[in-house]
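Notes for the one structure printed next.
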Amino acid sequence: MRFFLILISFLFSLTAIANCRVYIPEKEFNASGYPITFDFTKMLEAKNYHEVFSPEQADLLLSIEGIEFEGPRFHRAEAIMKLGDFKVDESVLCLTQFCGVSDYGKAFSKTYKKLSALIPKCY
């Protein structure tokens, strides 16, 4: 009976970890020739997610995207991050003619913080 309980708890822990595996295809965004590199380790570990290095092993995909929108007077740098069904986007007004790496850095920083607060803890 004791062996049976140990086996069930082991299988339960495996299925719990199985739903928490995240694959990140791109950890870098190129803004006007300058790379913005992301480290999602702190966010994922705080919520009990585990990064895997192949899409076949993953349950979730974490993707990043940056878009520059042309407004009537100024451009806007929009940063988008998605983790499974959770999507967060933030934009920053670019005070120069075109958006630069600092504008995208601010937008991605806001997006990272929002996504970190939005995703639930994985069990």
Side-chain angles (χ1 to χ4, degrees):
M1 183 68 172
R2 185 175 180 173
F3 174 74
F4 182 69
L5 291 174
I6 292 172
L7 180 65
I8 287 178
S9 65
F10 176 72
L11 292 175
F12 179 74
S13 66
L14 281 180
T15 57
I17 292 173
N19 295 327
C20 302
R21 298 176 300 191
V22 178
Y23 175 66
I24 308 169
E26 296 179 26
K27 294 183 182 182
E28 189 174 276
F29 176 75
N30 188 342
S32 305
Y34 296 99
I36 298 174
T37 306
F38 299 94
D39 183 11
F40 294 105
T41 307
K42 184 177 178 182
M43 177 178 67
L44 293 176
E45 286 180 353
K47 300 291 184 161
N48 203 30
Y49 289 90
H50 305 281
E51 184 179 357
V52 294
F53 299 103
S54 72
E56 294 82 23
Q57 298 173 330
D59 301 308
L60 301 167
L61 176 72
L62 195 155
S63 62
I64 58 171
E65 184 180 3
I67 304 168
E68 183 171 343
F69 290 106
E70 186 175 339
R73 295 187 182 181
F74 296 102
H75 289 217
R76 296 190 74 77
E78 183 175 12
I80 302 165
M81 288 187 186
K82 297 177 196 173
L83 178 63
D85 294 334
F86 298 98
K87 177 182 176 183
V88 177
D89 59 341
E90 279 292 323
S91 64
V92 172
L93 184 67
C94 306
L95 299 178
T96 57
Q97 185 177 4
F98 297 103
C99 296
V101 68
S102 64
D103 299 315
Y104 281 107
K106 290 175 192 174
F108 276 115
S109 178
K110 289 180 177 182
T111 306
Y112 180 93
K113 288 176 186 174
K114 271 192 166 179
L115 184 65
S116 179
L118 179 67
I119 59 173
K121 196 165 186 117
C122 193
Y123 295 101

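Just so it is clear, the model here is predicted, and its values are computed rather than measured.
- Scored by the side-chain hydrogen bond (donor to acceptor under 3.5 Å, both in side chains) test, T96 finds no partners at all (sequence neighbours excluded).
- Distance CD1/I80 to OG1/T111: 8.5 Å, rounded to 0.5 Å.
- One distance of note links NE2 of H50 with SG of C122; it measures 7.0 Å at 0.5 Å rounding.
- In the hydrophobic clustering of ILVMFWY residues, with side-chain heavy atoms under 4.5 Å counting as a link, F40 and V88 come out together.
- Heavy atoms from other residues, nucleotides or ligands lying under 6.0 Å from NZ of K47 number more than 12.
- Note on M81: it clusters hydrophobically with I24, by side-chain heavy-atom contacts below 4.5 Å among ILVMFWY residues.
- In this structure, the separation between NZ on K113 and CE on M43 is 13.5 Å, given to the nearest 0.5 Å.
- The line from CG of D89 to NZ of K114 is 7.5 Å long, rounded to the nearest 0.5 Å.
- Put simply, the side chain of T37 does not reach to within 4.5 Å of the side chain of D39, judged on heavy atoms.
- Rounding to the nearest 0.5 angstrom, the gap separating the CG atom in L62 from the CG atom in L115 is 6.0 Å.
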Please tabulate, for the side chains in residues 100-108, all donor-acceptor contacts under 3.5 angstrom to protein atoms that are two or more places apart in sequence or on a different chain.
unit_1: D103; atom_1: OD2; unit_2: G100; atom_2: N; d: 2.9
unit_1: Y104; atom_1: OH; unit_2: E68; atom_2: N; d: 3.3

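- Closest approach of I64 and E26 over heavy atoms only: CD1-O, 3.7 Å.
- For the pair N48 (side chain) and K121 (backbone), a donor-acceptor distance under 3.5 Å is absent.
- Residues that satisfy the side-chain hydrogen bond (donor to acceptor under 3.5 Å, both in side chains) test with D85, not counting sequence neighbours, are absent from this structure.
- Taken together through direct or relayed side-chain contacts under 4.5 Å among Ile, Leu, Val, Met, Phe, Trp and Tyr, Y112 and F29 form part of one hydrophobic cluster.
- Each ring-ring contact (aromatic ring centres under 6.0 Å, His included) pair with one or both residues in residues 74-100, not counting sequence neighbours, appears once here: H75-F98.
- For CD of Q97, the number of neighbouring non-hydrogen atoms (other residues, nucleotides, ligands) closer than 6.0 Å is 12 at most.
- Hydrophobic cluster membership differs between L83 and L61, with clusters built from Ile, Leu, Val, Met, Phe, Trp and Tyr side chains linked at under 4.5 angstrom.
- Residues meeting the ring-ring contact (aromatic ring centres under 6.0 Å, His included) test with Y34, sequence neighbours left out: none.
- Both F38 and L118 belong to a common hydrophobic cluster when Ile, Leu, Val, Met, Phe, Trp and Tyr are linked at side-chain heavy-atom distances under 4.5 angstrom.
- The nearest pair of heavy atoms linking C94 to A77 is SG-N, 3.5 Å.
- For Y23, there are no ring-ring contact (aromatic ring centres under 6.0 Å, His included) partners two or more places apart in sequence or in a different chain.
- For the side-chain hydrogen bond (donor to acceptor under 3.5 Å, both in side chains) criterion with E51, the lone passing option out of Q57, R21, K27 is K27.
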